[in-house]
> 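Structure provided below as structure tokens; questions to follow.
Just the heavy atoms: all of them, side chains too, but no hydrogens, waters or symmetry mates, feed the values below.
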Amino acid sequence: MCLAVPGRVLDIEERDGTRMATVDFGGVVKEVCLEYVPDLQVGEYAIVHVGFALQRLDEESAKQTLELFAELGMLQEEFGDPWEMAAAEAGVDPLEEVRER
């Protein structure tokens, strides 16, 4: 599943002519393109989908949504390690082989 997730802008810089931001999604930090929301500022929240900020969001709505996603495990599903999640779904402990050595 690919969600649009609210995140808080930590910093903004221009890279090769593109406005980019470091965004915090409830503890997971990712790089995000701000070209669709060019007036977004540090400290504000935005809805982000596949690495693009799509819309500004108020802080209260963002926090409520992040809490709900966290409760449902959706943040882990969206941002977690895909290999680790596949191993868990298969009932395999990804660290078992490492422990045996």
Side-chain angles (χ1 to χ4, degrees):
M1 180 186 312
C2 198
L3 301 172
V5 181
R8 183 175 180 268
V9 176
L10 300 176
D11 66 44
I12 297 172
E13 65 181 59
E14 189 166 315
R15 286 193 216 135
D16 299 320
T18 302
R19 197 160 183 258
M20 298 292 293
T22 303
V23 177
D24 178 10
F25 300 94
V28 176
V29 177
K30 299 279 185 178
E31 295 299 309
V32 171
C33 178
L34 299 182
E35 291 298 304
Y36 296 135
V37 191
D39 59 338
L40 199 64
Q41 299 298 313
V42 170
E44 292 185 311
Y45 288 81
I47 295 290
V48 177
H49 181 64
V50 293
F52 290 88
L54 301 177
Q55 179 179 345
R56 179 178 283 104
L57 185 65
D58 67 275
E59 183 175 4
E60 183 62 29
S61 296
K63 287 182 177 182
Q64 287 176 352
T65 302
L66 284 169
E67 286 176 20
L68 178 60
F69 283 3
E71 285 176 26
L72 297 173
M74 296 173 86
L75 287 178
Q76 177 63 23
E77 183 177 317
E78 187 68 14
F79 296 120
D81 181 330
W83 297 109
E84 189 177 301
M85 290 187 294
E89 287 178 16
V92 175
D93 180 354
L95 298 177
E96 181 178 349
E97 187 176 315
V98 174
R99 287 188 203 112
E100 291 176 355
R101 290 184 188 171

> Only pairs at least two apart or in different chains count here, so list each salt bridge (charged side-chain N to carboxylate O under 4.0 Å, His left out) that has a residue in residues 43-57.
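As it turns out, the salt bridge (charged side-chain N to carboxylate O under 4.0 Å, His left out) pairs with a partner in residues 43-57, which skip direct neighbours, are Asp39-Arg56, Glu44-Arg56.
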> Looking only at heavy atoms, which two atoms of Leu66 and Gly26 are closest? And how far apart?
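Here Leu66 and Gly26 meet closest at CD1-N, 4.0 Å.
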> Could you list the residues that satisfy side chain to side chain contact (heavy atoms under 4.5 Å, CB included) with Glu60, not counting sequence neighbours?
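Side chain to side chain contact (heavy atoms under 4.5 Å, CB included) list for Glu60, sorted by chain: Asp58, Gln64.
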> Are the side chain of Arg19 and the backbone N or O of Leu34 linked by a donor-acceptor pair below 3.5 Å?
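The answer is no, because no donor-acceptor pair under 3.5 Å joins these two groups.
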> Excluding sequence neighbours, so at least two apart, what forms side chain to side chain donor-acceptor pair (under 3.5 Å) with Glu35?
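Result, side chain to side chain donor-acceptor pair (under 3.5 Å) vs Glu35: none returned.
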> Does Val42 share a hydrophobic cluster with Val32, counting links as ILVMFWY side-chain heavy atoms below 4.5 Å and allowing steps through other members?
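Same cluster.
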> Looking at residues at least two apart in the chain, or sitting in another chain, which of them share a side chain to side chain contact (heavy atoms under 4.5 Å, CB included) with Asp11?
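Once residues adjacent in sequence are excluded, the partners of Asp11 under the side chain to side chain contact (heavy atoms under 4.5 Å, CB included) criterion are Thr22.
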> At their closest point, which heavy atom of Val9 faces which heavy atom of Ala21, and how far apart are they?
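So the minimum-distance heavy-atom pair works out to CG1-CB, 4.0 Å.
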> Identify the heavy atoms of Pro6 and Phe69 that sit nearest to each other, and give their distance.
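For Pro6 versus Phe69, the nearest heavy atoms are CD-CE2, 4.2 Å.
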> Could you work out, with salt bridge (Lys or Arg N to Asp or Glu O under 4.0 Å) as the rule, every residue matching Glu67, not counting sequence neighbours?
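Expected list: none.
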> How would you list, by chain and number, every residue that makes a side chain to side chain donor-acceptor pair (under 3.5 Å) with Asp16, sequence neighbours excluded?
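Testing Asp16 for side chain to side chain donor-acceptor pair (under 3.5 Å), a comparison that skips the adjacent residues, returns none.
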> I'd like to check the side chain to side chain donor-acceptor pair (under 3.5 Å) partners of Gln55; sequence neighbours left out, ordered by chain and number.
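Partners of Gln55 by the side chain to side chain donor-acceptor pair (under 3.5 Å) criterion come out as none, since no residue qualifies.
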> Looking at every non-hydrogen atom in both residues, tell me the closest pair between Ala46 and Leu40 and how far apart they are.
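Residues Ala46 and Leu40, closest heavy atoms: CB-CD2, 3.6 Å.
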> I'd like to check the side chain to side chain contact (heavy atoms under 4.5 Å, CB included) partners of Glu13; sequence neighbours left out, ordered by chain and number.
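Applying side chain to side chain contact (heavy atoms under 4.5 Å, CB included) to Glu13 gives Arg15.
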> Which residues pass the side chain to side chain contact (heavy atoms under 4.5 Å, CB included) test with Tyr36, sequence neighbours left out?
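Only Phe52, Leu54 meet the side chain to side chain contact (heavy atoms under 4.5 Å, CB included) criterion with Tyr36.
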> Could you state whether Met20 and Val48 fall into the same hydrophobic cluster, counting links through intermediate Ile, Leu, Val, Met, Phe, Trp or Tyr residues with side-chain heavy atoms under 4.5 angstrom apart?
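In one cluster with Met20: Val48, no.
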> Who else is in Leu57's hydrophobic cluster (ILVMFWY, side-chain heavy atoms under 4.5 Å, direct or via others)?
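Joined to Leu57, directly or through intermediates: Tyr45, Ile47.
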